[in-house]
Amino acid sequence: MTGYALHYTFLGIFFVLVTVFAAIPVIASRIVRPKKPSQMKLDPYECGMERVSDAWVQFKIQYYLYALVFIVFDVEVVLIVPWAVVFRKLGFFAFAEMAIFLLILFLGLIYVWRKRDLEWY
């Protein structure tokens, strides 16, 4: 066997082992679990309270817009904190990149604000 074939053989064995080890708990849980369904067990659980209506309730799209804006600014914080820790080592080029990044986010905030998507009504 050549060197490459040996590496691919080990890769194939590893893939098979990963698949088997991932499948064993799933198959074992299907075999071992109790199979006694009842109406109470099939109902969705909502904090210990009985269900009063259908779970398919329509929400305003506004809530999803709030979530998207939150995620954008959350990712901003995740990127700014490590940058701020090593800011002095990075130099002016990194400062300019972060300034452009913050400018784009600020323009996005102004856009969302002008469209009045941040108002709760």
Item to complete: Can you establish whether the number of heavy atoms outside K35 located under 6.0 Å from its atom NZ is more than 12?
Response: yes
Worksheet item: Roughly how far, to the nearest 0.5 Å, is the CG atom of L65 from the NZ atom of K115?
Response: 8.0 Å
Worksheet item: Which value, rounded to the nearest 0.5 Å, describes the distance between Y63 atom OH and L68 atom CG?
Response: 15.0 Å
Discussion item. Does R33 have more than 12 heavy atoms from other residues, nucleotides or ligands lying within 6.0 Å of its CZ?
Written reply: yes
Worksheet entry | Cluster check V86, F101: I/L/V/M/F/W/Y, side chain < 4.5 angstrom | yes
Worksheet item: Same cluster for F92 and W83 if Ile/Leu/Val/Met/Phe/Trp/Tyr side chains link at under 4.5 Å?
Response: yes
Discussion item. Would you say CH2 of W113 has more than 12 non-hydrogen atoms from neighbouring residues, nucleotides or ligands within 6.0 angstrom?
Written reply: no
Worksheet item: Going from CD1 on I24 to OG1 on T19, what distance comes out if it is rounded to the nearest 0.5 angstrom?
Response: 11.0 Å
Worksheet entry | Hydrophobic cluster membership, V85 vs L79, 4.5 Å side-chain cutoff | yes
Worksheet item: Is the shortest heavy-atom distance from the side chain of L102 to the side chain of E76 under 4.5 Å?
Response: yes
Worksheet item: Do V72 and L109 have side-chain heavy atoms sitting under 4.5 Å apart?
Response: no
Discussion item. Apply the hydrophobic cluster definition, ILVMFWY joined by side-chain contacts under 4.5 Å directly or through others, and give me every member besides F14.
Written reply: V18
Discussion item. Same cluster or not: F73 versus L107, using hydrophobic residues (I, L, V, M, F, W, Y) connected whenever any side-chain heavy atoms lie under 4.5 Å apart?
Written reply: no
Worksheet item: Hydrophobic cluster mates of V77, side-chain heavy atoms under 4.5 angstrom, ILVMFWY only, any path?
Response: V81
Worksheet entry | Heavy-atom side-chain contact between L90 and F95 under 4.5 Å | no
Worksheet entry | For I104, the rest of its hydrophobic cluster, which grows through side-chain links under 4.5 angstrom | I100
Practice prompt. Working to the nearest 0.5 Å, report the span between CE of M98 and CZ of F93.
Written response: 12.0 Å
